[in-house]
2 protein chains.
Amino acid sequence: MISIKDIAKKAGVSISTVSYALNRSSKVTEETASRILAIAKELNYVPNAAARNLKRRETKIIGAFLTDYNGVFYGDLLQGMKEVLNKNGYDLIVCSGKQSHRLLPEKMIDGAIVLDALFSSEELLLHADRGHKLVVLDRELIHPNINQVLLDNKAGAGLAVEYLIEQGHRKIYIVTGPPDSFDSNQRLQAVKQTIDRNQPIECISIQGKFDKLSGEQAAHQIMQDYTEPVAVFCLNDEMSIGMYNAVQKSDFRIGEHIHLIGFDNMELTQYTQPRLATIDYSKHKWGSIASEQLLKLIACEEVDQERIYVTLIQGDSVHPV
Amino acid sequence: MISIKDIAKKAGVSISTVSYALNRSSKVTEETASRILAIAKELNYVPNAAARNLKRRETKIIGAFLTDYNGVFYGDLLQGMKEVLNKNGYDLIVCSGKQSHRLLPEKMIDGAIVLDALFSSEELLLHADRGHKLVVLDRELIHPNINQVLLDNKAGAGLAVEYLIEQGHRKIYIVTGPPDSFDSNQRLQAVKQTIDRNQPIECISIQGKFDKLSGEQAAHQIMQDYTEPVAVFCLNDEMSIGMYNAVQKSDFRIGEHIHLIGFDNMELTQYTQPRLATIDYSKHKWGSIASEQLLKLIACEEVDQERIYVTLIQGDSVHPV
DNA sequence: TTGTATGCGTTATCAA
DNA sequence: TTGATAACGCATACAA
């Protein structure tokens, strides 16, 4: 490996002069600097990150921790993060799985954005206690080193239920996420409030896991108990698509017997027949705001709470009853 | 930050003893070792990656470089990579964009898997020349430090065209990828061979860019020139979906006027009506083999060429004519 | 303006 | 079995 020592030798100067030159310090003559830079280029010099990080005590890398790589959902989110980070001289790396958590305490990254229910809050708080800066997208955590950028779940769930009610539905199934999911619980809470305000409504909740299979299973239960047209609010699109798949294989029809709405506006929902109603929000904005907040935390700037707003996407999966 | 020095002081031993104990060396008493480990845990000691990397000259991290984060396609691929890497004590990080290329020469990662046409071959060869180990998934590069794991594009394209021909089609449009795409060119070559073997066939090729928009534009051209039912082979599903979208908005019907097949078996293709025919292959296997090859390269083991096999997925987007 | 010297936290060599 | 000490490559305070 070629180091500043080699450049120094070849240029006939000391390593500190080389270091200054490479870091564009004004402490060195324009002349010697350009000579050193030329030699560096000639020798294909690339600074060693480990050595630099050791001294600087920062890596200029931010980690995004996701549950998995099924980026159907994550593409825009990560793009939003990356654009902001790159603009500020940081790189983004995407990680998944418990094994990669080490990157934070070992100081391979300067901060993390977390959207992964499998990353426990205890662990996150521990890291925050040790001085690491975090932004979380899927929970509320009160800590000076942690900021949260959350979806306006309550508004979204309210919009969805109100839409069903406006269309005349009075029997509504709710397919929830896992009991420990922050998003699921927030949405569920808003659902209950909205329904309470619009009594009488028959509301039946079915526990799901935010995955396709849950949606299929819920569909089977609903079809088994079927007596009259019903509305279903799946608390995410993944389950909504699972339900769509299951219903497609039956004699029931989405938008006729089963009126369906989801949450997330996954691209796929616009390709189903009929189009699945859902709740939309800008994933790109979500990512970029998360990055901005993290950079503020790192810079020890004042940072307030940001929220991501949502809108209703109507679809033929919901018709008036 | 808490370092081995602190542990040494508290344990009343030297830092080298601490280092041995932490690295489970047999050079230290069971007794002192456990005492040191206890203190390390008590102090919440975490080794500093930068210092370790500097000495060890390796990070146990592998980077995957992708064109973007639209993981619709990448989810399984990355999962396959990760499983193999984790099992072997490596972590996977996912990167995108030119800025992150620095991680390789700066030695923040021990190797890279590349699926990104924007990562130039010249640059890759340069890195390989400097001793970095690479696996490429989207080109052929002859270099001792580079291995390629490629799709069997020729078989796939052959299968697709034969399928169309078997169904009686004699007028076939080909929508290609960018002119510099390795996959596109390989597929196109196989298309031509297959068509040559089955003359007479009218073959019209339209240049695309592997994105949805290209598919839409090709669709408009085809519909404008329409005189009789035609078959279309889009060299990837992304364009196939774009074409589907455009045709849906017209009076033409997929599987009736325009018979369509793509390549990649994106999840979305099974949700369209009718289901889009395509060419399938295991993305998971692709990723895991890529990782295996890279690990062999790093271990300086013998490494031969692997190929990812493909199969035909029939769909109602293609009917007999 | 340039050079000398020190330290970042760890591993590893060599003595003790 | 343990300890002192020298690297690893770079940045920087201080001296020249």
Side-chain angles (χ1 to χ4, degrees), chain A residues 1-37 39-40 43-61 102-110 130-132, chain B residues 1-37 39-40 43-61 89 102-110 130-131:
Chain A
M1 215 184 88
I2 156 101
S3 77
I4 54 170
K5 214 181 273 181
D6 304 295
I7 302 178
K9 194 177 294 176
K10 183 145 188 173
V13 297
S14 78
I15 60 163
S16 47
T17 309
V18 175
S19 180
Y20 288 136
L22 292 174
N23 291 306
R24 304 263 186 280
S25 163
S26 58
K27 313 181 74 172
V28 74
T29 332
E30 181 66 40
E31 192 185 326
T32 45
S34 62
R35 190 163 54 88
I36 288 171
L37 257 44
I39 294 178
L43 295 181
N44 286 324
Y45 169 76
V46 180
N48 178 297
R52 178 160 31 73
N53 298 341
L54 187 57
K55 273 306 271 190
R56 286 214 218 268
R57 305 167 148 274
E58 65 173 4
T59 63
K60 291 284 178 186
I61 297 176
R102 70 172 177 102
L103 300 184
L104 193 57
E106 291 186 355
K107 299 179 89 47
M108 290 265 336
I109 55 182
D110 293 346
R130 296 186 192 160
H132 301 286
Chain B
M1 214 184 89
I2 157 100
S3 78
I4 53 171
K5 217 180 271 181
D6 304 295
I7 302 179
K9 193 176 295 175
K10 182 144 189 173
V13 297
S14 78
I15 60 163
S16 35
T17 308
V18 174
S19 180
Y20 287 136
L22 290 174
N23 291 305
R24 303 263 186 278
S25 163
S26 58
K27 312 182 74 173
V28 74
T29 332
E30 180 66 40
E31 193 186 323
T32 44
S34 61
R35 190 163 54 90
I36 289 171
L37 257 44
I39 294 178
L43 296 181
N44 286 324
Y45 169 77
V46 179
N48 178 297
R52 178 160 31 73
N53 298 340
L54 186 56
K55 271 308 269 193
R56 284 214 218 267
R57 304 166 149 274
E58 65 173 4
T59 62
K60 290 286 179 185
I61 297 176
R102 70 172 176 101
L103 299 184
L104 193 57
E106 291 186 355
K107 299 179 91 45
M108 289 265 337
I109 55 181
D110 294 345
R130 297 186 192 160

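Note that this is a predicted model, so its numbers are computed, not measured.
- Counting only distance, with no hydrogens or angles, the side chain of A:T29 and the backbone of A:E31 share no donor-acceptor pair below 3.5 Å.
- One interatomic measurement links the two molecules: CD1 of B:I15 to P of D:dA4, which rounds to 9 Å at whole-angstrom precision.
- For A:K60, there are no salt bridge (Lys or Arg N to Asp or Glu O under 4.0 Å) partners at least two apart in sequence or on another chain.
- A distance of 13.0 Å separates CG of B:L43 from CD1 of B:I4, quoted to the nearest 0.5 Å.
- Look at CD1 on B:I4: it is 15 Å from P on D:dT5, rounded to the nearest Å.
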Apply side chain to side chain contact (heavy atoms under 4.5 Å, CB included) to A:R24 and A:L37, showing your working.
CA-CA 10 Å; A:R24 304 263 186 280; A:L37 257 44; 3.0 Å; yes

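- Closest of all the heavy-atom pairs between A:I61 and B:M108 is CD1-CE, 3.8 Å.
- In the region residues 48-59 of chain B, proximity to DNA chain D at under 4.0 angstrom, judged on heavy atoms, holds for B:L54, B:K55, B:R57.
- The side chain to side chain donor-acceptor pair (under 3.5 Å) search around B:R56 returns none, not counting sequence neighbours.
- Counting all heavy atoms, side chain and backbone alike, A:A8 lies closest to A:S14 at CB-C, 3.8 Å.
- Between B:T17 and A:T17, the residue whose closest nucleotide on DNA chain D is further toward the 5' end is B:T17.
- Nearest heavy-atom pair, B:Y45 versus B:L22, reported as atom, atom and distance to 0.1 Å: CE2-CD1, 3.5 Å.
- Regarding A:K60, its NZ atom lies at a distance of 14 Å from the P atom of D:dA11, rounded to whole Å.
- Residue B:K5 contributes atom NZ, which lies 13 Å from atom P of D:dT5 at whole-angstrom precision.
- Donor-acceptor pairing under 3.5 Å, judged by distance alone, is absent between the side chain of B:S14 and the base of D:dA4.
- In this structure, A:L22 reaches neither bases nor backbone, as no heavy-atom distance under 4.0 Å exists between it and the strands shown.
- Taking all atoms of both residues into account, the shortest heavy-atom contact from B:N44 to B:I2 is O-CG2, 4.1 Å.
- Put simply, the side chain of B:R130 never gets that close to the backbone of B:P105: no donor and acceptor are under 3.5 Å apart.
- End-to-end axis angle of the helix from C:dT1-D:dA16 to C:dA16-D:dT1, using five pairs per end and rounding to 10°, comes to 40°.
- Contact footprint of chain A on DNA chain C: nucleotides with an atom under 4.0 Å from a non-hydrogen protein atom, first to last in 5' to 3' order, C:dT1 to C:dG9.
- Remark: A:V28, A:T29, A:T32 in residues 28-35 of chain A come within less than 4.0 Å of DNA chain C through at least one heavy atom.
- At the heavy-atom level, A:S16 lies under 4.0 Å from base atoms of the strands shown.
- A distance of 6.0 Å separates CG of A:L54 from CG of B:N48, quoted to the nearest 0.5 Å.
- For B:Y20 and D:dA4, a side-chain-to-base donor-acceptor distance below 3.5 Å is absent, hydrogens and geometry of angles not being considered.
- If you measure from atom CG of A:N23 to atom P of D:dA13, you get 13 Å, rounded to the nearest angstrom.
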Check against side-chain hydrogen bond (donor to acceptor under 3.5 Å, both in side chains), B:S19 and B:S16
CA-CA 5 Å; B:S19 180; B:S16 35; over 6 Å; no

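- Residue-level contact check: B:S3 touches the backbone only, with heavy atoms under 4.0 Å from sugar-phosphate atoms and none from bases.
- The CG atom of A:L104 sits 9.5 Å away from atom CG of A:D110, with the distance rounded to the nearest 0.5 Å.
- Nearest heavy-atom pair across B:P47 and B:R52 is CG-NH2, 4.2 Å.
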